[in-house]
Every structure is written in structure tokens, then in C-alpha cells.
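Structure first, commentary second.
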Amino acid sequence: MSRGPEERRFTTLSGLPVERVYGPEALAPDAAQRLGEPGAYPFTRGVYPTMYRGRLWTMRQYAGYATAEESNRRYRYLLDEGQTGLSVAFDLPTQIGYDSDHPMARGEVGKVGVAIDTLADMEILFDGIPLDRVSTSMTINATAAILLAMYIAVGKKQGVRPEQLEGTVQNDILKEYIARGTYIFPPEPSMRLVTDIFAYCAKHVPKWNTISISGYHMREAGCTAVQEVAFTLADAIAYVEAAVRAGLDVDTFAPRLSFFFCSQIDFFEEIAKFRAARRLWARIMRERFGAKNERSWMLRFHTQTAGASLTAQQPENNVVRTAVEALAAVLGGTQSLHTNAMDEALALPTEASARLALRTQQIIAYETGVTNTVDPVGGSYFVEHLTDTIEAEAERYIRRIDELGGATRAIAFMQREIEDAAYRLQRAIESGERVVVGVNAFTIEEEPPRGLLRVDPALEAAQVERLRKVRAGRDAAAVERALDRLEEAARGEDNLMEPILEAVEAYASVGEICDRLRRVFGEYEAEVSLP
Amino acid sequence: MTRPIRVLIAKAGLDGHDRGAKVIARALRDAGMEVIYTGLRQTPEQIAEAALQEDVDVVGLSSLSGAHDTLFPAVVQALRARGLDDVVVIGGGIIPAEDVPALKAAGIAEIFGPGTPTSEIVEYVRRAAAARAGSPA
């Protein structure tokens with residue numbers, strides 16, 4: 001039966017060419033070795049032998065806004081609805097080390113996450129949530145050491161020992177310089193803070209994931225799937241090198257490294273991307289760093305569906321996009337997953353939209369049957385070929401970054417690559433070459449959406465008032481002593497986690513702690529350029 | 001003699017999402033305009049000062065963090081304090097429709113939401129700059 005000739009070039013979202021059909025010739029000669037067994041090197045098929053037959057991924061919805069009370073309420077709601085792990089969103093002042101009363105915090109308090117100034121806020125945030133029974137992921141980078149110290153301190157108050165705590169700090173400062181923007185200090189002292197957390201947790205908080213090396217934000221900023229793998233692993237290489245330079249044995253900290261990827265809308269490309277990242281990281285750890293522990297070779301990752309794929313137009317369509325992206329993450333073997341809510345191109349999710357997002361995961365987990373067998377797409381000629389291609393292309397990028405002196409020296413290079421890719425995609429959308437349903441095709445006249453979540457503007461003043469009360473009620477001399485000790489440690493080479501813990505337990509604020517560190521470390525000055 | 005339209009693209013507040021700001025900056029530049037991008041974490045005062053120094057016709061503000069209600073009007077105030085009453089201020093980001101009337105009342109000329117084609121923004125800036133050039137200074 002004949003059909004019309006093909007009229008265009010077919011590519012993935014990231015621009016990789018796609019053939020009409022794939023057959024056995026698309027497989028590499030050593031395909032069986034490249035595939036391996038689930039739970040064994042090179043982990044193409046998954047990091048665990050039984051994958052979701054043994055345990056489902058952790059359903060972990062990123063949430064937090066306004067005050068600690070409000071966020072605490074949302075966490076309890078999500079746990080009641082069957083969520084299995086917490087994921088804390090902090091507001092920008094907390095992430096950038098400004099107290100709620102700092103002039104730079106104006107208008108930002110409690111907006112994109114919860115405002116945490118002192119341990120008093122953190123106590124409220126986890127009130128009634130037993131820290132020995134949940135795992136908590138915190139999206140916190142420049143101030144990760146401070147918020148981790150606060151979490152340890154809250155645990156102690158609940159009678160939970162640090163060695164019982166489970167969770168993750170994002171602690172990935174390199175991608176902040178590249179794409180996310182919540183940096184404070186220059187790269188060198190920032191890398192010291194990162195590796196201080198590695199060393200401290202290896203000793204005291206052994207079940208903690210000390211970093212979540214993130215491609216997500218670079219992908220959201222516009223990079224391709226190949227670049228996401230390459231830039232994330234290049235950053236990871238820089239962290240491993242820094243830790244080894246700081247005197248840590250690779251197998252003491254590498255098993256606690258974790259990763260964070262985006263799941264975009266090109267279904268097969270995303271599945272292949274996760275598989276390629278796993279295989280490439282296993283090889284890097286074994287061959288480049290000589291790691292001996294199998295757990296050091298395992299790329300365990302969290303996934304979030306792509307915020308950038310969501311549209312403000314016809315927001316209900318976003319439920320479908322998110323479901324497809326979530327399915328790709330599951331078929332790609334994710335360890336935990338956040339599904340975006342349909343209203344995220346408009347505002348923070350409401351309780352109802354947050355529940356629907358969680359239900360999307362639950363339907364995939366409990367109804368579709370995709371969890372019954374490990375790596376069900378393994379052996380697909382197309383997926384294996386894409387996996388090989390993404391791995392090879394990412395490796396080429398990593399070599400290029402190595403030539404530039406590694407990720408810490410290649411920040412501007414990666415930024416340029418991301419910006420170029422973002423601009424290419426925008427042009428493809430505007431020319432109609434790429435269709436976005438409801439945006440450049442199938443549009444309708446719409447009423448503006450109603451019932452969006454709003455953060456009460458009175459909250460900023462209330463948070464400032466609470467901070468004032470904490471300052472008035474604490475032992476001022478103890479705070480000064482702790483901050484002096486921290487500053488002295490920062491000038492020397494001691495691990496900074498202990499003095500930071502002492503300072504937060506004296507109710508020193510995030511801003512006060514960061515100001516002492518700014519005094520010693522200075523601040524990062526970003527280069528601004530348009531390509 | 002006509003000079004190219006000059007535009008300042010600015011990230012107001014602490015928000016680090018600058019994909020949109022950079023894409024729009026490039027689109028305006030590709031349309032023949034002179035574009036200055038401030039980089040992240042600009043206070044309203046810094047933005048107004050940059051607008052003065054760079055002698056721009058249009059200021060484009062971006063915020064995805066929900067701080068627009070506070071920061072965008074503050075930029076307009078800071079521009080007026082420098083006598084730049086006729087600089088056209090536009091904004092974009094994650095800005096709920098119900099916030100737009102208040103922003104317009106505060107002096108923001110137009111708000112462009114997610115999914116707006118850059119060609120529409122280019123056209124708007126051209127018209128706004130032409131109207132400004134035509135008006136008595």
C-alpha cells in the first residue's frame with residue numbers, strides 16, 4: 001500500500017535525527033554488554049535488580065509557600081493523600097541568604113517557597129512530622145549547610161538522631177551559576193561548603209543524600225537532552241574531583257551522590273536519556289575515578305516533569321503533558337518523581353491541582369501495569385539506538401568541558417550553549433515548525449483562569465515580626481560567640497558544618513550566618529553577556 | 001536622524017529564571033534594536049539607573065517569582081524619580097491575569113504572558129518607541 005512521500009526531516013525535541021524505522025542493524029555489536037542486567041554494571045536497565053517490583057519510586061511533590069505554618073499544613077495534606085516523601089521549596093531570600101527583613105527580600109518573602117529565617121521557623125515547618133519516618137528533600141544550594149543543620153537540629157529536638165535522618169539537600173552550586181541563579185559565594189569557597197557537607201554526612205548523617213546534581217534547571221533554561229546529560233555529569237565530575245582533592249576517598253562519599261533530571265515531552269528521547277546517563281556515569285565512576293564500591297557506580301535520580309513544557313493557554317492540556325512525561329520517567333527508571341500541576345504556568349498549585357498531579361503518578365503506579373517488569377522498553381531498536389547516541393554525544397561534550405578545564409571553568413560555555421538551544425527552540429515554535437497545542441495551533445478564545453493560589457501580601461510583615469521576636473528572645477551573647485567561631489573556622493580549613501550547627505542551635509538567622517561567610521568569602525559576580 | 005530603538009531588559013528581584021528575558025533580548029536585537037541586559041538580582045533603583053545611563057526608550061521587566069506586584073511599580077517610581085516619565089515599561093513572567101489591571105494602573109504599559117510570540121513583543125516595542133519619539137519631550 002503506498003502513501004505519500006515523507007515531507008520533512010524528523011528529529012527529536014533536542015534535534016537528534018530520527019529514521020523511518022529501526023531494525024537489528026541499529027544495535028551496537030556489543031549491545032548485550034551495553035544492556036547488562038538490572039542492578040548490575042553498567043546499570044542501563046536500572047540501578048536495582050527488581051526495580052518497581054520491589055519498591056515503587058518515591059512520590060515526592062515539591063511544595064512550600066508562605067509561612068512555615070502554611071507549608072506544614074500542605075505537607076500533612078500531601079502525606080495524608082498518599083505522598084511518600086517530602087520536598088521542601090524555600091523562598092528566594094532563604095535560598096540566597098537574606099533574612100526576611102533585608103531590603104533585597106522585598107516582595108519575595110514566602111513567594112516561591114517557605115520563608116525560613118531561624119530554627120524557630122524550621123521547628124514549625126516540621127511540627128507533627130516525625131523525621132525518623134519521612135524522607136525529606138530540600139531544594140537548597142548556597143545555604144544548604146545551614147538548612148541541613150537546621151534539619152538536624154529539629155531532629156534532635158524530636159529525639160531523632162542524625163544517623164536516622166533520610167533525605168537530600170540539592171547542594172549543587174555549579175548549576176546555580178550556570179542556570180538557576182541562587183548563588184552567593186564565589187566557586188572556590190562554595191565548593192568547599194559542598195565537600196564539607198559530603199565529609200560531615202559521611203561521618204554523622206550516613207543515610208543522607210549529600211547532593212542532588214541537577215540537570216533539571218539547565219534543561220528548563222532551554223538545553224537539549226544531550227546537553228542535560230553532559231552538563232550534569234560534567235558538574236558531577238567537578239564535585240568528585242573537589243572531594244578527592246579535599247582528601248576524601250571516593251567510595252566514602254560517592255554512594256551518597258544523587259541526581260535530578262527533567263522529563264520533557266519527547267517520550268522516547270527522555271527514556272533513552274535516563275538510560276544513557278546511568279550507563280555513562282557508571283563508566284565514569286569506575287574507569288575515571290577508580291571507584292570500587294558498586295554503589296558508587298549507581299546513578300540514582302529524582303525526576304520532575306518539565307515546567308517549561310506547560311502552557312498558560314488551555315491549562316487542562318498540561319495534565320496530559322505531565323502524564324506523558326511522568327511515564328517516560330518511570331520507564332526510564334527514576335527513583336523519585338515530582339509531577340507538575342496543571343496551573344504552574346500561571347501560579348503556584350492549588351490544593352486541588354496538587355492532588356491531581358499526585359494522582360497522575362498513582363495511576364501510573366497502580367493502574368497501568370508498567371511497573372510489572374524491569375526496563376520494559378529495553379531492546380527496542382529505536383530506544384537502544386537513541387540511548388547509544390545520547391551517551392556518545394554527551395561524552396563528546398564532557399571531553400570539550402574537560403579541555404576547558406572542567407565545569408567550574410566552563411560555566412560561560414555551558415550558559416552559551418543553553419541560550420543558543422533555547423533561542424533555536426523559540427524560533428522553531430514561532431515558525432510553526434514545532435507545534436505547541438493551544439499556543440501556536442488549536443487555539444481558542446479563553447477567559448482568564450480563576451481560583452489561582454495567592455500568597456497573602458501581609459505575610460512579609462508577619463514574617464519580619466516573627467524574626468524580630470526571635471532575635472529579642474534569644475541569648476544574644478551565645479549567638480555572637482557562635483558566629484565568631486564560624487567566621488574563624490571559615491578563615492581556616494575546618495569543616496564548617498559543626499560551627500554552622502552551633503549557630504543555628506543558638507537561633508542565629510540564615511542572613512546572619514551568610515553575612516559572616518560573605519565577609520570571609522566575598523560574593524560571586526556573574527558575567528553578563530548576550531550571545 | 002533616527003537612531004536604533006534602545007531597550008533595557010531587566011531581571012527584577014531575586015528570581016533566577018532568565019530564559020525568557022534572554023530569548024526576548026535576542027529577538028529584539030535580531031529585529032535591529034540595541035538591547036542591554038542587566039543580569040540577575042536588580043533592585044528597582046539599579047534598573048532605573050541603568051535606564052538613565054543607557055538612555056533607553058523601553059524597559060522590559062521579567063519576574064517569575066511572584067514579586068511583580070511589589071517590584072514592577074517600584075521600577076516605575078524609580079524611573080519617575082529620575083525624570084524618565086516617558087520611558088515605556090513592559091513586563092513578563094508568571095503574572096496572573098487578575099494582577100494586570102493594578103500593574104497597568106501603576107504605569108506598566110503592557111504585560112506579556114507565557115506563550116507570547118516574540119514577534120508580537122517586537123511589534124509592540126516598535127510602536128511604543130515610535131509613539132514616544134512622536135510625543136513632545
Side-chain angles (χ1 to χ4, degrees), chain A residues 65 91-93 95-96 98 103-112 176 179-183 217 220-222 307-308 310-313 344-348 415 418-420 422-423 425-427 429-430 436 438-440 447-450 452-455 457 460 525-531, chain B residues 9-30 34-46 50 63-75 92-101 112-122:
Chain A
Y65 61 99
D91 73 358
L92 287 165
Q95 294 188 51
I96 302 175
Y98 294 120
M104 287 300 288
R106 185 161 55 130
E108 307 274 13
V109 175
K111 287 286 169 63
V112 300
E176 297 295 330
R180 189 168 175 276
T182 72
Y183 44 75
H217 316 88
E220 285 283 283
L310 305 186
T311 62
Q313 296 74 14
E344 290 191 39
L346 302 159
L348 290 182
Q415 282 182 317
I418 293 167
E419 286 157 19
D420 285 345
Y423 197 51
L425 182 62
Q426 181 65 29
R427 296 187 67 101
I429 292 169
E430 294 197 20
V436 183
V439 174
N440 65 358
E447 287 290 304
R450 290 170 200 288
L452 299 176
L453 183 122
R454 293 201 72 86
V455 176
E460 189 162 315
E525 289 192 25
E527 264 178 64
V528 180
S529 66
L530 283 179
Chain B
I9 297 293
K11 284 296 300 179
L14 301 180
D15 177 35
H17 297 91
D18 59 357
R19 175 181 182 163
K22 285 174 171 171
V23 162
I24 284 162
R26 274 174 89 158
L28 294 172
R29 199 183 54 187
D30 284 358
E34 291 180 355
V35 182
I36 302 102
Y37 172 54
T38 62
L40 303 181
R41 292 194 208 169
Q42 301 297 303
T43 64
E45 290 71 26
Q46 287 170 319
S63 169
L64 283 73
S65 71
H68 52 270
D69 285 340
T70 308
L71 296 175
F72 288 9
V75 171
I94 302 290
I95 295 170
E98 61 199 63
D99 293 0
V100 173
F112 298 95
T116 309
T118 56
S119 54
E120 188 181 320
I121 297 169
V122 166

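In the text below, chain A, chain B and the rest are named by the order of the sequence lines, each starting its count at 1.
Only the side chain of A:Ile96 comes within less than 4.5 Å of a heavy atom of chain B; its backbone N, CA, C and O stay farther away. Of the atoms belonging to A:Glu344, it is backbone heavy atoms, and not side-chain ones, that fall under 4.5 Å from chain B. At a 4.5 Å heavy-atom cutoff, the contact between B:Ser119 and chain A is made by backbone and side-chain atoms alike. When heavy atoms are compared at a cutoff of 4.5 Å, A:Ala308 approaches chain B solely by way of its side chain, counted from C-beta outward. Residue A:Ala422 touches chain B through both its backbone and its side chain, counting heavy-atom pairs closer than 4.5 Å. At a 4.5 Å heavy-atom cutoff, the contact between A:Tyr183 and chain B is made by backbone and side-chain atoms alike. With a 4.5 Å cut-off on non-hydrogen atoms, B:Glu120 does not touch chain A at all. Both the backbone and the side chain of B:Leu14 come within less than 4.5 Å of a heavy atom in chain A. Residue A:Pro457: no heavy atom, backbone or side chain, is found under 4.5 Å from chain B. Neither the backbone nor the side chain of B:Ser63 comes within contact range of chain A; no heavy atom of the residue lies under 4.5 Å from a heavy atom of that chain. Interface remark: A:Val112 contributes backbone and side-chain atoms alike to the contact with chain B (heavy atom separation under 4.5 Å). For A:Leu425, the part lying under 4.5 angstrom from a heavy atom of chain B is the side chain only.
Taking a cutoff of 4.0 Å between a charged side-chain nitrogen and a carboxylate oxygen, B:Arg26 and A:Asp420 qualify as a salt bridge.
Among the candidates B:Gly66, B:Gly39, B:Ala97, the residue making the largest number of heavy-atom pairs closer than 4.5 Å to chain A is B:Gly66. Between chain A and the residues B:Thr116, B:Asp30, B:Thr43, the largest count of heavy-atom pairs under 4.5 Å involves B:Asp30. When each of A:Glu460, A:Glu527, A:Gln426 is checked for heavy-atom pairs under 4.5 Å with chain B, A:Gln426 comes out on top. Among A:Glu220, A:His217, A:Gln95, A:Arg450, the residue with the largest count of heavy-atom pairs under 4.5 Å with chain B is A:Glu220. In terms of heavy-atom pairs under 4.5 angstrom with chain B, the leader among A:Ala221, A:Gly181, A:Ala312, A:Pro448 is A:Ala221. Per-residue heavy-atom pair counts under 4.5 Å with chain B were compared for A:Ala347, A:Ala345, A:Gly438, and the maximum is reached by A:Ala345.
Between A:Arg106 and B:Ala74, the closest heavy-atom pair is NH1-CB, 4.3 Å. Nearest heavy-atom pair across A:Leu92 and B:Ser65 is CD1-CB, 3.6 Å. When all heavy atoms of B:Gly92 and B:Phe72 are compared, the closest pair comes out as O-CZ, 4.1 Å. Looking at every heavy atom in both residues, A:Pro449 comes nearest to A:Leu346 through CG-CD1, 3.7 Å.
The CD1 atom of B:Ile24 lies 3.5 Å from the CD1 atom of B:Ile121; values are rounded to the nearest 0.5 Å.
Inter-residue side-chain proximity for B:Ile9 and B:Leu28 is flagged as met; some heavy-atom pair is nearer than 4.5 Å. Residues A:Glu108 and B:Leu71 form a side-chain contact, since some pair of their non-hydrogen atoms from C-beta on lies under 4.5 Å apart. When side chains are defined from C-beta on, A:Pro93 does not count as touching A:Lys111, because their heavy atoms never get closer than 4.5 Å. Residues A:Tyr423 and B:Lys22 fail the side-chain proximity criterion, which asks for heavy atoms closer than 4.5 Å.
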query: Can you check side-chain contact (heavy atoms from CB on, under 4.5 Å) on B:Glu98 and A:Arg454, steps first, answer last?
result: CA-CA 11 Å; B:Glu98 61 199 63; A:Arg454 293 201 72 86; 3.1 Å; yes
